Amino acid sequence: MATATDTPVPAIDAATVKSTVRRYIDDYFLMGADGHYADDTSFMDTQMLDSTGFLELVQFIEETYAIKVDDTEMVPENLDSLDAVSAYVLRKVAA
């Protein structure tokens, strides 16, 4: 039986990750509201995501990029902005 981790992930770049994650956040957390925010905008400081939202974001990242986000990696440095998420995903995919 094939799993998500058995499927090769196509080559990605920072812009693609940011665009994909932005679309997810806009659709599921901002509910179509004006989603104009910078790539370095903190999801926590602006209250765009709450604790449940971060868990949902982690699940989305794991499913979309076929990576495993370890508990120790669930920190602001990896998940608190589009810039942080993009850098984190690119590191994980390259590993």
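By convention here, the first residue in the shown sequence is residue 1. Just so it is clear, the structure is predicted and the values come from calculations on it, not from any experiment.
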Where the side chain of [X] meets the backbone of [Y], is there a donor-acceptor pair that is under 3.5 Å apart?
{"X": "Ser19", "Y": "Thr16", "result": "no"}
{"X": "Lys18", "Y": "Asp39", "result": "no"}
{"X": "Asp70", "Y": "Thr72", "result": "no"}

Would you tell me whether [X] and [Y] have side-chain atoms, one donor and one acceptor, within less than 3.5 Å of each other?
{"X": "Asp83", "Y": "Ser86", "result": "no"}
{"X": "Asp40", "Y": "Ser81", "result": "no"}
{"X": "Glu73", "Y": "Tyr88", "result": "yes"}

Closest non-hydrogen atom pair, [X] against [Y]:
{"X": "Leu79", "Y": "Met74", "result": "CD1-CA, 3.8 Å"}
{"X": "Phe60", "Y": "Thr20", "result": "CZ-CG2, 3.8 Å"}
{"X": "Asp80", "Y": "Met44", "result": "OD1-N, 2.9 Å"}

Say you draw a straight line from [atom1] of [X] to [atom2] of [Y]; how long is it, rounded to the nearest 0.5 Å?
{"X": "Met48", "Y": "Leu57", "atom1": "CE", "atom2": "CG", "value": "9.5 Å"}
{"X": "Phe29", "Y": "Thr52", "atom1": "CZ", "atom2": "OG1", "value": "9.0 Å"}
{"X": "Asn78", "Y": "Lys92", "atom1": "CG", "atom2": "NZ", "value": "9.0 Å"}

(request) Find out whether Ile61 and Thr64 are in side-chain contact, i.e. whether some heavy atom of one side chain is under 4.5 Å from a heavy atom of the other. (result) no

(message) I want to check something: taking the side chain as every heavy atom from C-beta on, are Val89 and Ile12 in contact at a cut-off of under 4.5 Å?
(response)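 They are in contact (side-chain heavy atoms under 4.5 Å apart), so the answer is yes.
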
(request) Give me the ring orientation class for Phe54 and Phe43: parallel if the planes are under 30° apart, tilted from 30 to 60°, perpendicular past 60°. (result)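 Plane angle between 30° and 60°, so tilted.
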
(message) Let me check something: do Tyr65 and Val75 share a hydrophobic cluster, defined by ILVMFWY side-chain heavy atoms less than 4.5 Å apart, either directly or through other members?
(response) no

(request) Kindly work out whether a path of hydrophobic side-chain contacts (I/L/V/M/F/W/Y, heavy atoms less than 4.5 Å apart) joins Tyr28 to Val21. (result) yes

(request) Tell me, please, whether Tyr37 has Arg22 positioned over its six-membered ring: NZ or CZ under 6.0 Å from the ring centre and within 45 degrees of its axis? (result)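 Positive - Arg22 is close enough to the ring of Tyr37 and near enough to its axis.
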
